[in-house]
2 protein chains.
Amino acid sequence: MTNATAMLTALGDPTRQAIFERLTDGPLAVGQLADVLPISRPAVSQHLKVLKEVGLVTDRQEGTRRLYSVDPDGLAELRAHLDGFWARSLAAFQQHASRESQNDQNN
Amino acid sequence: MTNATAMLTALGDPTRQAIFERLTDGPLAVGQLADVLPISRPAVSQHLKVLKEVGLVTDRQEGTRRLYSVDPDGLAELRAHLDGFWARSLAAFQQHASRESQNDQNN
DNA sequence: GCTTACCGTAAGCTACGACTTACCGAAGGG
DNA sequence: CCCTTCGGTAAGTCGTAGCTTACGGTAAGC
């Protein structure tokens, strides 16, 4: 399992999607996320741990609070992986289309 | 839940990731996927159903077999959503950086 | 028309993942 | 120094997602 696939698995949970999407608007503390989301603060911590392990977010201490931000490098890696999907599927589609036109010529 | 987030949730399962990745190399029948993957054929069918519901794959009848392909439009939609994440996180990062330099001037 | 290949769906089981509450540690403020 | 705020971790519960086997249904081949 590559890192990008691990990122996709991490973002598979809707709650983690919501957390990550909030963080794209700027850094947030754990409590701030818990105030907005319909889950408890420990639950938010657990989700943030998963997102951090796959490299999608970063955390830094800010006094007594802990601010989480999206990791641009991680997000870039995920986008690159999706771009790979895109390139290959496009190539496969064009190959299929060319085979189709080949068949049309034969008919 | 937007369609793009539903796609992310669908791709959250590693088996579905494997299925989708295989399909990026070209259309495949259900049995062909089941031969390669370490799960039974009905399990593959169930995964394909999920991927189809969110618009990530398409199916067409080919005689007695059923060929599944990646849906370029669906993949494009997912990429666009990721690009939104990227744009917003970049803007937030730059805003944070500008605030930092502001603070540096004040110190 | 019978058989074979191929596939979707139903029913049921099991494991895991997403919560909760409870507890503890670290950092600041009075 | 307390005390309060803030957050990570442990333990335990519960729902559900993913898998299997079993069955039925359609298209092609002889």
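All heavy atoms count here, side chains included; hydrogens, waters and symmetry mates do not. In what follows, every chain begins at residue 1, and chains take the letters A, B, ... in the order their sequences are listed.
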Whole-Å distance separating the CG atom of B/D59 from the P atom of D/dA27: 14 Å
Distance below 4.0 Å between B/T9 side-chain N/O and D/dA17 OP1 or OP2: no
Pairing of A/E77 and A/R79 as salt bridge, 4.0 angstrom limit: no
Closest listed nucleotide, where the reference is the side chain of B/S45 and the choices are C/dG8, D/dG8, C/dC19: C/dG8
Distance in Å, A/L8 CG paired with A/F85 CZ, rounded so as to fall on 0.5 Å steps: 6.5 Å
Side-chain N or O of B/Y68 closer than 4.0 Å to phosphate OP1/OP2 of C/dC6: no
Phosphate OP1/OP2 of D/dG8: any A/R66 side-chain N/O under 4.0 Å: yes
Partners meeting side chain to side chain donor-acceptor pair (under 3.5 Å) with B/D13 (sequence neighbours left out): none
Heavy-atom pair with the smallest gap, counting every atom of A/S89 and B/V70: CB-CG2, 3.4 Å
Contacts of type side chain to side chain donor-acceptor pair (under 3.5 Å), residue A/D59, not counting sequence neighbours: A/K52, A/R66
At a cut-off of 3.5 Å, list every protein nitrogen or oxygen paired with a nitrogen or oxygen from nucleotides 20-24 of chain C, distance to 0.1 Å.
| residue | atom | partner | partner atom | Å |
| --- | --- | --- | --- | --- |
| C/dT20 | OP2 | A/S40 | N | 2.7 |
| C/dT20 | OP2 | A/S40 | OG | 2.5 |
| C/dT20 | O4 | A/Q46 | NE2 | 3.1 |

Per A/V30 side chain, nearest of listed nucleotides C/dG8, C/dC19, D/dG8: D/dG8
Within residues 33-50 of chain A or reaching into it, pairs that qualify as side chain to side chain donor-acceptor pair (under 3.5 Å) - sequence neighbours excluded: A/R16-A/H47
Check: B/L11 main-chain N/O paired with B/Q17 side-chain donor or acceptor under 3.5 Å: yes
Euclidean distance, atom CZ of residue B/R60 to atom P of C/dC6 [Å, nearest integer]: 17 Å
Atom pairs under 3.5 Å, N or O on each side, protein against nucleotides 12-17 of chain C: can you list them with distances?
none

Gap between atoms NE2 and C1', on A/H47 and D/dG8 respectively (whole Å): 15 Å
Between D/dC19 (C1') and B/L33 (CG): distance, integer Å: 17 Å
Protein proximity profile, nucleotides 25-30 of chain C - base contact B, sugar-phosphate-only contact S, no contact -, cut-off 4.0 Å on heavy atoms: --SS--
Nucleotide C/dT4, atom C1' - distance to CZ of B/R65 in whole Å: 15 Å
Polar side-chain atom of B/Q32 near backbone of B/A29 as donor-acceptor pair, under 3.5 Å: yes
Value in whole Å for how far the P atom of D/dC19 lies from NZ of B/K49: 15 Å
Minimal non-hydrogen separation, B/A10 against B/V54, with atom names: CB-CG2, 3.9 Å
Rounded interatomic separation in angstrom, taking CG from B/L48 and C1' from C/dC6: 14 Å
Residue pair B/R65 / B/V30, side-chain heavy-atom distance below 4.5 Å: no
Residue pair A/R60 / A/S69: nearest heavy atoms and the distance that separates them: NH2-OG, 3.5 Å
Point-to-point distance, once rounded to the nearest 0.5 Å, from CG of A/L56 to CG of A/N3: 8.0 Å
